[in-house]
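Not measured: the values here are computed from a predicted model. These numbers come from the heavy atoms of this one structure, side chains and all, not from hydrogens, waters or symmetry mates. Atoms within each ligand, like the ligands themselves, are counted from 1 in listed order.
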Amino acid sequence: MQLRFIPLLSLITPLLAASTPDPNPILTAINTISSDTTALNTTVASWDGNALTLLEITVQSAKLLAAINDGTKTANKAANLTLAQTLDVATATVSLATGVNQTITTIVSAKPKFDKLLVVDPVILLNLKLEQDASRDFSAAVVAKVPADLQAIAQGLTQGIDDSFSEGIAVYETW
Ligand SMILES: *[C@@H]1O[C@H](CO)[C@@H](O)[C@H](O)[C@H]1NC(C)=O
Ligand SMILES: *[C@@H]1O[C@H](CO)[C@@H](O)[C@H](O)[C@H]1NC(C)=O
Ligand SMILES: *[C@@H]1O[C@H](CO)[C@@H](O)[C@H](O)[C@H]1NC(C)=O
């Protein structure tokens, strides 16, 4: 029953968004990526190891990838961040980095469950690589909008996210 409302909502949401310009679209993009990351974390953590429900992980992972790519487009279009906006973006980035760390830790812990289904590990590996690449593009697009004298610090904040991906990729590359 509830599923019927989803297409309607997805039509209405952009209309609502269009009526009031977002004061910090980069922050909104990071928050969307964070909630998609948490959703993937929950999906993987609660996965019962069944091949049929694996689709939920694939769907959630694709949703996260799309959110990161949308974030890059948003950041490319966005105006330079003010100092106040930069601080909000930095706070959200620190929290995203924690979420990414925990989610990749969950994905690494779930490897024994994935190992049982032969073809799955390469798919997880591919997803991690696609998400790492997308997240590098996103970070670069965001850092470019940070005040010039804070760009090195901003770059440093995003490095932790990249390191988490590398850690997960290393685990899935040796199977
Ligand atoms: C990710 O899942 C783990 C295991 O359920 C949980 O401990 C952690 O708090 C979760 N983190 C996030 C950001 O959802
Ligand atoms: C945005 O900031 C960059 C430095 O980070 C600067 O080179 C560029 O000129 C700025 N753009 C505008 C429109 O102010
Ligand atoms: C998560 O953070 C901890 C503490 O900094 C670190 O030891 C661990 O390697 C990180 N794991 C991932 C997957 O990022």
Side-chain angles (χ1 to χ4, degrees), residues 21-27 29-50 53-54 56-61 63-65 67-68 71-115 121 124-175:
D22 187 340
N24 195 343
I26 292 179
L27 178 65
I30 295 175
N31 287 337
T32 302
I33 294 167
S34 271
S35 61
D36 282 335
T37 302
T38 302
L40 177 62
N41 185 46
T42 307
T43 309
V44 175
S46 59
W47 183 52
D48 57 6
N50 188 314
T53 50
L54 192 63
E56 290 166 24
I57 296 178
T58 313
V59 167
Q60 196 53 57
S61 186
K63 202 169 164 232
L64 172 59
L65 184 61
I68 303 170
T72 304
K73 283 183 214 146
T74 299
N76 283 335
K77 276 189 295 187
N80 280 351
L81 294 163
T82 63
L83 184 56
Q85 288 173 328
T86 301
L87 293 177
D88 288 341
V89 164
T91 305
T93 302
V94 169
S95 146
L96 174 62
T98 303
V100 170
N101 175 301
Q102 292 177 355
T103 301
I104 293 181
T105 302
T106 299
I107 292 172
V108 167
S109 307
K111 190 168 181 293
K113 287 194 280 185
F114 292 130
D115 285 345
D121 278 12
I124 304 289
L125 177 60
L126 176 66
N127 274 280
L128 287 172
K129 283 182 170 171
L130 289 172
E131 277 149 14
Q132 183 180 42
D133 283 348
S135 137
R136 281 177 180 167
D137 290 346
F138 177 58
S139 296
V142 173
V143 169
K145 298 299 162 78
V146 164
D149 52 349
L150 293 175
Q151 286 187 355
I153 295 171
Q155 181 62 50
L157 289 182
T158 65
Q159 187 58 45
I161 296 176
D162 197 62
D163 292 346
S164 290
F165 277 112
S166 296
E167 215 175 297
I169 287 168
V171 171
Y172 276 86
E173 267 173 347
T174 53
W175 60 295

Numbered atoms of ligand 2 (with element) below 4.0 Å of Val146, judged on heavy atoms: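 Answer, ordered by atom number: 5 (O).
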Only heavy atoms of Ala144, strictly under 4.0 Å: list the atoms of ligand 2 that pass. 5 (O)
What are the two closest heavy atoms between Ala144 and Asn80, and how far apart are they? O-OD1, 4.1 Å
Taking all non-hydrogen atoms of both residues, which atom of Gly168 and which atom of Val108 are closest, and how far apart?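 Minimum heavy-atom contact is CA-CG2, 4.1 Å.
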So for ligand 1, is Asn41 a polar contact partner (N or O within less than 3.5 Å, distance only)?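 Yes, there is a polar N/O contact under 3.5 Å.
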Salt bridge (Lys or Arg N to Asp or Glu O under 4.0 Å) partners of Lys113, counting only residues at least two apart: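 By the salt bridge (Lys or Arg N to Asp or Glu O under 4.0 Å) rule, Lys113 matches no residue at all.
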Across all chains, not counting sequence neighbours, the salt bridge (Lys or Arg N to Asp or Glu O under 4.0 Å) partners of Asp162 are Arg136
Tell me which one of Ile104, Ile107, Ile124 satisfies side-chain contact (heavy atoms from CB on, under 4.5 Å) with Val44. Ile107
Is Ala79 close enough to touch ligand 2? Criterion: a residue heavy atom under 4.0 Å from a ligand atom.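 No; Ala79 lies far enough from ligand 2 that no heavy-atom distance drops under 4.0 Å.
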Could you tell me whether a side-chain N or O of Lys145 sits under 3.5 Å from a main-chain N or O of Ala75, the two making a donor and an acceptor? yes
For Ala45, counting its heavy atoms only, list the atoms of ligand 1 lying under 4.0 Å from any of them.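 Counting atoms of ligand 1 from 1, those under 4.0 Å from Ala45 are 5 (O).
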Would you tabulate the polar-atom pairs, meaning N/O of ligand 3 against N/O of the protein, with distances under 3.5 Å, reported to 0.1 Å?
from     : atom 1 : to     : atom 2 : distance (Å)
ligand 3 : 2 (O)  : Asn101 : ND2    : 2.2
ligand 3 : 9 (O)  : Glu167 : OE1    : 2.9
ligand 3 : 9 (O)  : Glu167 : OE2    : 2.8
ligand 3 : 11 (N) : Asn101 : ND2    : 3.3
ligand 3 : 11 (N) : Glu167 : OE2    : 3.1
ligand 3 : 14 (O) : Asn101 : ND2    : 3.2
ligand 3 : 14 (O) : Ser164 : OG     : 2.7

Logged contact type for Gln151 with ligand 2, heavy-atom cut-off 4.0 Å, is side chain
Say you draw a straight line from CD of Glu56 to OG1 of Thr53; how long is it, rounded to the nearest 0.5 Å? 5.5 Å
Value rounded to 0.5 Å, distance of OG in Ser46 from CG in Asn41: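 It is 9.0 Å, given to the nearest 0.5 Å.
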Sequence-distant partners of Thr37, side-chain hydrogen bond (donor to acceptor under 3.5 Å, both in side chains), two or more places apart: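 Here no residue qualifies.
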